[in-house]
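Just so it is clear, the model here is predicted, and its values are computed rather than measured. Reckoned from all heavy atoms, side chains included, excluding hydrogens, waters and symmetry mates.
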Amino acid sequence: MDMKSSFGSSDSTAVMSNFTGLAASLLICLATALPGLGFARDAAPDEITGPGDYSLSIVHGGVTRLYRVHVPSAYSPSRPMPLVFSFHGGGGNMDYQANDRYYGQISKSEQASYVAVFPNGVSKLRSGKFATWNAGHCCGSARDENVDDVGFVRAIIKSLSDRLNIDQKRIFADGISNGGMMAYRLACEMPDVFRAIASVAGTDNTKTCTPKAPISILHIHARNDELELFDGGAGRKSSKVTSFVSVPDSISKWSQFNGCAAKPKRVFENSGAYCDAYSPCRGDVEVRLCVTESGGHSWPGGRKIRGGAPGSTALSATDVIWDFFSSR
């Protein structure tokens, strides 16, 4: 509901305007004082003045699309810096994905010195909440309207490359659930741009996939994921979304695409989690699968946005992902 429409008089409108201005000022102050905690200062589409958090927009396909950017304090225009895309899950938005409370990716950006970008999917709400990605067979209005999300990503890369010194050979993408599926779609269609992708709790549900070059793939999934079942199919509350491709089938598909060794090597194991690597592969890439025994549909090491059973603490997805990216 538009709050202004519920007030009839011009005096009430003025009060609302003053209140809105005060609230905006408070948010700007919070963004300055508390970087990385879910706030970002607004900026013109072409304005990035240095390290900090930015809330930006770009027109693509006749639609204004939103995205957030974190430029770490170590950034220098004289030195190219890696760029990492992070895609929110279906029904989420960029603010959730950029919130350190849930995923810790702003802190990792500062620690590892890379530019982090958090695009917003397609939403019917002006706020951008409850958004989805067109990852093929999933999800929501983005899929139903065949939204050009790949083109949106290309537009962001161009915009940021015009304004920041981005290392064009070290561009990566990660995501959770529908966002992880979107990362797989980028692997299919943009392996010439992305060095590697990582998907958490989201399998490859693309409709077509003909990658022109090898690309490194990391997949993280809980054995007991109740929404996107490890062995495929439609899980709880997802029967109206699609029947998801299984984790083993996704890994097998990309191992074959990349020409990897058929038998994996165990590269990590502790109580509650393990990682298997499929290598060597063509182009010196790697396909890696990390499995947690518990945690359900979540980001291991993070905090679930909507509560429920806790996620796995057997590994940190944020740390595992960057370790994988940084070794490419």
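Under 3.5 Å, the side chains of Gln105 and Ser109 contain no donor-acceptor pair of N or O atoms. Counted by atom type alone, Asp174 and Ser86 present one or more donor-acceptor pairs between their side chains at under 3.5 Å. For the residue pair Glu293/Ser312, the side-chain donor-acceptor check at 3.5 Å is not satisfied. At a cut-off of 3.5 Å, with distance as the only test, no side-chain donor of Asn178 or Thr132 sits close to an acceptor on the other residue. A donor atom on one side chain and an acceptor atom on the other are not found under 3.5 Å apart for Ser316 and Thr318.
Identified under the salt bridge (charged side-chain N to carboxylate O under 4.0 Å, His left out) test for residues 319-328, with sequence neighbours left out: Lys108-Asp319, Glu286-Arg328. Screening residues 81-124 for disulfide (SG to SG under 2.5 Å) gives no qualifying pairs among residues at least two apart or on separate chains.
Summarising the geometry of Gly89 relative to Ser177, their closest heavy-atom pair is CA-CB, 4.3 Å, with the distance given to 0.1 Å. Closest heavy-atom contact between Leu315 and Cys275: CD2-SG, 4.4 Å. Of all non-hydrogen atoms in Cys281 and Tyr278, the two that sit nearest each other are SG-O, 3.1 Å. Between Ser298 and Gly311, the closest heavy-atom pair is OG-CA, 3.4 Å. Between Gly202 and Tyr184, the shortest heavy-atom contact is O-CE1, 3.3 Å. The two atoms that bring Val287 and Cys260 nearest to each other are CG2-SG, 3.9 Å, heavy atoms only.
Considering only residues two or more places apart in sequence or on other chains, Ser161 meets the side-chain contact (heavy atoms from CB on, under 4.5 Å) condition with Ile157, Ile166, Gln168. Not counting sequence neighbours, the partners of Asn270 by the side-chain contact (heavy atoms from CB on, under 4.5 Å) test are Phe268, Ala273, Ala314. Applying the side-chain contact (heavy atoms from CB on, under 4.5 Å) test to Asp167 and every residue at least two apart in sequence or in another chain returns Pro80, Lys169, Arg170. Every residue two or more places apart in sequence or in another chain that forms a side-chain contact (heavy atoms from CB on, under 4.5 Å) with Lys158 is listed here: Asp162.
Once rounded to the nearest 0.5 Å, the distance linking CG of Leu227 with CZ of Phe244 reads 8.0 Å. Rounding to the nearest 0.5 Å gives a distance of 13.5 Å between CZ of Phe87 and CE of Met181. A distance of 7.0 Å separates CG of Asn258 from OG of Ser216, quoted to the nearest 0.5 Å. A distance of 15.0 Å separates CD1 of Ile171 from CD1 of Ile197, quoted to the nearest 0.5 Å.
Proximity of the aromatic rings of Tyr114 and Phe325 is defined here by a centroid distance below 6.0 angstrom, and this criterion is not met.
Considering Arg185, Arg65, Arg143 as possible partners of Asp149, the one that fulfils the salt bridge (charged side-chain N to carboxylate O under 4.0 Å, His left out) test is Arg65.
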Requested in this report: Check step by step if side chain to side chain contact (heavy atoms under 4.5 Å, CB included) holds for Ser78 and Asn165.
Outcome: CA-CA 7 Å; Ser78 65; Asn165 190 354; 5.8 Å; no
Query - Pair Phe230-Val247, side chain to side chain contact (heavy atoms under 4.5 Å, CB included): steps then yes or no - result: CA-CA 5 Å; Phe230 190 90; Val247 173; 3.8 Å; yes
Report task. Please test Phe324 against Ile220 for side chain to side chain contact (heavy atoms under 4.5 Å, CB included), starting from the C-alpha separation and ending with a verdict. Result -> CA-CA 12 Å; Phe324 186 76; Ile220 302 174; over 6 Å; no
Requested in this report: Apply side chain to side chain contact (heavy atoms under 4.5 Å, CB included) to Val285 and Ile215, showing your working.
Outcome: CA-CA 6 Å; Val285 304; Ile215 179 173; 5.5 Å; no
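Thr49 places a side-chain heavy atom less than 4.5 Å from the side chain of Tyr54. Inter-residue side-chain proximity for Pro82 and Arg195 is flagged as unmet; no heavy-atom pair is nearer than 4.5 Å. At a threshold of 4.5 Å between non-hydrogen side-chain atoms, the residues Val122 and Asn134 do not count as touching. The shortest side-chain heavy-atom distance between Met182 and Pro119 does not fall under the 4.5 Å cut-off.
Counting only distance, with no hydrogens or angles, the side chain of Ser250 and the backbone of Asp204 share a donor-acceptor pair below 3.5 Å. The main-chain N or O of Thr64 is never found under 3.5 Å from a side-chain atom of Ser57 such that the two would form a donor-acceptor pair.
Note on Arg154 versus Glu189: no salt bridge recorded, every NZ/NE/NH1/NH2 to OD/OE distance being 4.0 Å or above.
The aromatic rings of His221 and His219 lie parallel to each other, their planes meeting at an angle below 30°, with 60° marking the opposite boundary.
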